[in-house]
Amino acid sequence: MASSTLLKVILLGDGGVGKSSLMNRYVTNKFDSHLFHTIGVEFLNKELEVDGKRVTLQIWDTAGQERFRSLRTPFYRGSDCCLLTFSLDDGQSFSNLANWKKEFSFYADVKDPDGFPFVVLGNKLDVPERQVSGEDARQWCRENGGHPYFETSAKDATNVASAFEEAVRRVLASDDRDDHVIHTNTVHLQRKTASSPSCC
Ligand SMILES: Nc1nc2c(ncn2[C@@H]2O[C@H](COP(=O)(O)OP(=O)(O)OP(=O)(O)O)[C@@H](O)[C@H]2O)c(=O)[nH]1
């Protein structure tokens with residue numbers, strides 16, 4: 001019987017840092033330079049194999065703008081991994097990482113935030129006007145739980161797949177629960193496409 005592990009990964013970070021773009025780049029390999037702000041949450045599924053293990057990644061993209069807070073927070077529970085995202089050309093989005101970690105941990109009911117599989121993404125690596133150095137970002141990660149750090153570009157696809165794969169590795173390393181396993185002859189997961197995202 002073919003089986004796959006279902007993992008829920010959630011993207012958080014300020015509005016405009018590139019969460020939707022990262023999800024779209026990873027799942028559909030496309031980039032849109034005129035994306036609208038997300039309202040609430042959307043998700044796409046991606047199937048992949050990591051270290052010989054089949055995984056169905058359910059990627060949840062959330063609205064980063066403060067006014068959508070009450071629409072996104074109900075979807076944090078049950079996340080296996082959280083991608084804390086900021087933009088390398090926006091120092092404020094980096095300063096806000098701690099708030100995002102706190103908001104996620106509260107609404108997802110995470111008892112030990114530093115032990116949870118967070119992965120930090122500094123996006124828009126392709127933009128020359130950089131405001132956050134790699135050293136500052138790595139230091140923040142070291143001081144806040146030792147989370148892995150990736151500098152990505154949704155625009156030119158740099159490091160996007162590596163970041164999601166590392167997220168999967170972190171979860172698999174931290175979690176052997178059997179309740180993630182789905183059997184493909186008993187459960188049919190509908191593949192979502194970028195043209196018809198699920199929107200809540
Ligand atoms: N140059 C460059 N632009 C990017 C990159 N990623 C996203 N963008 C652009 O940044 C803008 C915002 O991207 P989104 O993906 O909508 O950002 P978001 O974090 O989902 O925003 P919210 O939905 O408001 O939370 C869009 O114009 C994107 O085209 C990147 O890696 N490089």
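Remember, it's 1-based here, ligands and their atoms both numbered in the order they're listed. This chain uses plain numbering: 1 for the first residue, then up along the sequence.
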Engineer: What I want to find out is whether D156 reaches R25 closely enough, with some N-O distance under 4.0 Å, to be called a salt bridge.
Structural biologist: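 So D156 does not pair with R25 through a salt bridge.
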
Engineer: Determine whether D51 and R169 make a side-chain contact, defined as any pair of heavy atoms from C-beta on separated by less than 4.5 Å.
Structural biologist: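 Sidechains of R169 and D51: in contact.
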
Engineer: Any atom of ligand 1 sitting under 4.0 Å from a heavy atom of S33?
Structural biologist: yes

Engineer: Counting only N and O atoms by type, is there a donor-acceptor contact under 3.5 Å from the side chain of T85 to the main-chain atoms of G13?
Structural biologist: no

Engineer: Could you label the plane-to-plane angle of the F86 and Y149 rings as parallel, tilted or perpendicular, counting under 30° as parallel and over 60° as perpendicular?
Structural biologist: parallel

Engineer: Mind checking whether T73 and F106 have side chains closer than 4.5 Å, heavy atoms only?
Structural biologist: no

Engineer: Of all the atoms in ligand 1, which lie at a distance below 4.0 Å from a heavy atom belonging to D32?
Structural biologist: 28 (C), 29 (O)

Engineer: Quick check: does any side chain N or O of S153 sit under 3.5 Å from a backbone N or O of K124, one acting as donor and the other as acceptor?
Structural biologist: no

Engineer: Return the residue, atom name and 0.1 Å-rounded distance of the protein heavy atom closest to atom 1 (N) of ligand 1.
Structural biologist: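 For atom 1 (N) of ligand 1, the nearest protein heavy atom is D126 OD2, 2.8 Å.
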
Engineer: Which atoms of ligand 1 sit under 4.0 Å from any heavy atom of H37?
Structural biologist: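 This gives 22 (P), 23 (O), 24 (O) as the contact atoms.
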
Engineer: Going by the atom numbers of ligand 1, which of them fall below 4.0 Å from some non-hydrogen atom of L35?
Structural biologist: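 Answer for ligand 1: 15 (O), 16 (O).
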
Engineer: To the nearest 0.5 Å, what is the distance between CD (Q139) and CG (N144)?
Structural biologist: 10.0 Å

Engineer: Where is the nearest protein heavy atom to atom 31 (O) of ligand 1: which residue, which atom, and how far?
Structural biologist: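 Atom 31 (O) of ligand 1 sits closest to the protein heavy atom A154 N, 2.8 Å.
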
Engineer: Within a distance under 4.0 Å of any heavy atom of T62, pick out the atoms of ligand 1 and give their elements.
Structural biologist: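 Listed by number with element, the hits are 25 (O).
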
Engineer: Going by the atom numbers of ligand 1, which of them fall below 4.0 Å from some non-hydrogen atom of S21?
Structural biologist: 6 (N), 7 (C), 13 (O), 14 (P), 15 (O), 28 (C)

Engineer: Keeping N24 on the side-chain end and S20 on the backbone end, is there a donor-acceptor pair under 3.5 Å?
Structural biologist: yes

Engineer: Considering non-hydrogen atoms of the protein only, which is the closest contact for atom 10 (O) of ligand 1, and what is the distance?
Structural biologist: K124 NZ, 3.0 Å

Engineer: Using a strict cut-off of 4.0 Å, indicate which atoms of ligand 1 neighbour a heavy atom of D14.
Structural biologist: 19 (O)

Engineer: Would you give the length of the straight line joining atom CD1 of I39 to atom CG of L71, rounded to the nearest 0.5 angstrom?
Structural biologist: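 One finds 8.5 Å between CD1 of I39 and CG of L71.
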
Engineer: Are any of the N/O atoms in T152 less than 3.5 Å from those in ligand 1?
Structural biologist: no

Engineer: Is there a donor in the side chain of E103 and an acceptor in the side chain of N99, or the other way round, less than 3.5 Å apart?
Structural biologist: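 Absent: no donor and acceptor within the cut-off.
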
Engineer: Check for me whether T85 has a heavy atom closer than 4.0 Å to any atom of ligand 1.
Structural biologist: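 Not so, T85 does not reach ligand 1.
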
Engineer: For K19, take its heavy atoms, then give the atoms of ligand 1 lying under 4.0 Å from any of them.
Structural biologist: 15 (O), 17 (O), 18 (P), 19 (O), 20 (O), 21 (O), 22 (P), 25 (O)

Engineer: Should the pair D136-R138 be classified as a salt bridge under the 4.0 Å nitrogen-to-oxygen rule?
Structural biologist: no

Engineer: Start with the C-alpha gap between F104 and F118, add the side-chain angles, then the distance that decides, and say whether ring pair (Phe, Tyr, Trp, His ring centres under 6.0 Å) holds.
Structural biologist: CA-CA 10 Å; F104 174 79; F118 287 98; 5.5 Å; yes

Engineer: Would you call F31 a ligand 1 contact, heavy-atom distance under 4.0 Å?
Structural biologist: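 F31: in contact with ligand 1 (<4.0 Å).
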
Engineer: Below 3.5 Å, N or O to N or O, backbone or side chain included: is there any such pair between G64 and ligand 1?
Structural biologist: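 Yes: some nitrogen or oxygen of G64 is under 3.5 Å from one in ligand 1.
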
Engineer: Quick one: does Q65 get an N or O within less than 3.5 Å of an N or O on ligand 1?
Structural biologist: no

Engineer: Can we say E166 and R170 salt-bridge, meaning some charged N sits less than 4.0 Å from an Asp/Glu carboxylate O?
Structural biologist: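 Yes.
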
Engineer: Indicate yes or no: does an N/O atom of L125 lie under 3.5 Å from an N/O atom of ligand 1?
Structural biologist: no

Engineer: Counting non-hydrogen protein atoms only, what is the nearest one to atom 17 (O) of ligand 1? Give residue, atom name and distance.
Structural biologist: G18 N, 3.1 Å

Engineer: Can you tell me which residue and heavy atom of the protein come closest to atom 12 (C) of ligand 1, and the distance to 0.1 Å?
Structural biologist: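 Looking only at protein heavy atoms, the one closest to atom 12 (C) of ligand 1 is G16 O, 3.5 Å.
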
Engineer: At under 4.0 Å between heavy atoms, which part of N123 makes contact with ligand 1: side chain, backbone, both or neither?
Structural biologist: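 For N123, the contact with ligand 1 is made by the side chain alone.
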
Engineer: Taking 4.0 angstrom as the limit and counting only heavy atoms of T38, give me the atoms of ligand 1 inside it, by number and element.
Structural biologist: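 In order of numbering, the contacting atoms are 22 (P), 23 (O).
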
